[in-house]
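One structure is given here, and the rest of the page talks about it.
The figures that follow rest on heavy atoms only: side chains count, while hydrogens, waters and symmetry mates do not. All chains are named by letter (A, B, ...) in the order of the sequence lines, taking the proteins before the strands, and each is independently numbered beginning at 1.
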Number of protein chains: 2
Amino acid sequence: MLTIGKLGAKAGVKVPTIRYYEQIGLLPEAERSAGNQRLYGSKALERLAFIRHARDLGFTLEAIRDLLSLSDNPDQSCAAADAIAKAQLLEVENRLARLTALKAELERMVVQCAGGRIADCRVIEVLGDHSLCATDHLHPETEETP
Amino acid sequence: MLTIGKLGAKAGVKVPTIRYYEQIGLLPEAERSAGNQRLYGSKALERLAFIRHARDLGFTLEAIRDLLSLSDNPDQSCAAADAIAKAQLLEVENRLARLTALKAELERMVVQCAGGRIADCRVIEVLGDHSLCATDHLHPETEETP
DNA sequence: CCTTGAAGCTATAGTTGCTAGAGACATTAG
DNA sequence: CTAATGTCTCTAGCAACTATAGCTTCAAGG
């Protein structure tokens with residue numbers, strides 16, 4: 001049996017986070033010792049590792065809640081879990097596209113900064129003037145109805 | 001002179017967000033009309049556009065606060081602005097690497113889920129068992145001190 | 001056996017970057 | 001002039017934690 005501290009260390013999750021997960025119902029209420037301290041077995045460790053892994057992969061706690069409820073009754077079809085993963089994949093591809101554009105823009109900004117005065121600084125200039133921006137891709141919805 | 005609504009429309013920022021920016025000191029307190037409504041000139045519009053653009057590029061409000069204070073006294077060296085932009089670039093590259101790894105992982109998950117029962121479904125398995133994870137890259141700090 | 005310090009407990013409040021609501025006043029179109 | 005829309009302040013809420021305060025419990029040393 002693990003105390004909350006040990007569990008946190010093993011799973012790479014901070015102690016208050018574990019209590020938070022219990023509070024919002026992602027983890028079941030833990031057993032308690034005689035002195036009212038939480039005690040965890042290996043099932044809890046697995047579940048926590050699952051949550052942490054999914055968080056690292058960018059799943060929201062809501063998606064994780066769904067995935068967990070799927071894995072809690074493993075006799076249903078895989079389709080639901082598959083759908084969740086696919087939705088996440090779309091999200092990720094989206095974020096990836098935006099981030100890539102963003103990286104290009106920042107690189108452009110940084111490269112063009114010759115170390116002069118701020119008055120001539122491309123960083124400030126580009127940030128101040130949208131028309132200097134290479135990626136229309138970013139902030140497309142500005143000025144709809146002039 | 002623009003009312004807050006017009007300003008928001010021009011800059012692509014919602015009205016409460018403008019008030020929020022004023023509240024936290026990113027925008028100066030606006031002039032008021034006789035009836036106590038905020039009025040903005042073109043300087044405010046520029047500043048707000050700057051903020052929005054920087055937010056789109058992923059800068060935190062703190063970083064933006066710094067950038068704005070730099071651009072408020074434009075006779076100093078560009079180095080600080082450059083540093084902020086470079087830090088942001090690093091951050092973005094980091095996120096990009098993580099997201100790329102994540103995409104591969106999700107693709108693997110989706111491909112391997114052939115539509116069987118959850119018991120055979122790799123989605124749950126991959127998320128639950130770190131060792132099945134293709135990308136060591138993610139969650140590196142798990143289990144430091146066993 | 002006792003003490004001391006670390007780790008645990010609960011409960012509350014703070015973080016970031018907004019967004020949403022309530023209820024009152026201002027402005028504008030018809 | 002009235003009705004509709006816009007704006008005002010203030011408060012509370014969102015995700016997903018993180019930090020604080022003021023306790024109790026536990027493990028190890030003397």
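Taken from CZ in B:F59 to CD1 in B:I51, the straight-line distance is 13.0 Å, to the nearest 0.5 Å.
Remark: P of D:dC14 and OH of B:Y20 are 17 Å apart, rounded to the nearest angstrom. Rounded to whole angstrom, the span from the CZ atom of B:R19 across to the P atom of D:dT7 amounts to 8 Å. Per the geometry, CD1 belonging to A:I24 stands 12 Å off P belonging to D:dC14, to the nearest Å. As a whole-Å value, the separation of B:L2 CG from D:dG6 C1' is 14 Å. The CZ atom of B:R32 sits 14 Å away from the C1' atom of D:dG6 (whole-angstrom rounding). What separates CD of B:E22 from C1' of D:dC10 is a distance of 15 Å, to the nearest Å.
Residue A:R55 has its side chain nearest to D:dC17 when only D:dC17, D:dC8, D:dT18 are considered.
Taking a heavy-atom distance under 4.0 Å as the criterion, the stretch of DNA chain C touched by chain B extends 5' to 3' from C:dG17 to C:dT27.
When hydrophobic clusters are built by joining Ile, Leu, Val, Met, Phe, Trp and Tyr residues whose side-chain heavy atoms come closer than 4.5 Å, directly or via intermediates, A:I24 is grouped together with A:F50.
Residues B:T60 and B:S33 both approach DNA chain C. Their nearest nucleotides, taken by heavy-atom distance, put B:T60 toward the 5′ side. Heavy-atom distances to DNA chain C give each of B:A34 and B:L61 a nearest nucleotide, and the one nearer the 5′ end belongs to B:L61.
Here the side chain of A:R52 pairs a donor or acceptor atom with the backbone of A:G12 at under 3.5 angstrom.
Its side chain within the 4.5 Å cluster rule, A:L39 clusters with A:M1 among the Ile, Leu, Val, Met, Phe, Trp and Tyr residues.
When each of A:E31, A:E29, A:E22 is paired with A:R38, the salt bridge (charged side-chain N to carboxylate O under 4.0 Å, His left out) condition holds for A:E22 and for no other.
The heavy-atom pair separating A:L48 from A:Y21 by the smallest distance is CD1-CD1, 3.9 Å.
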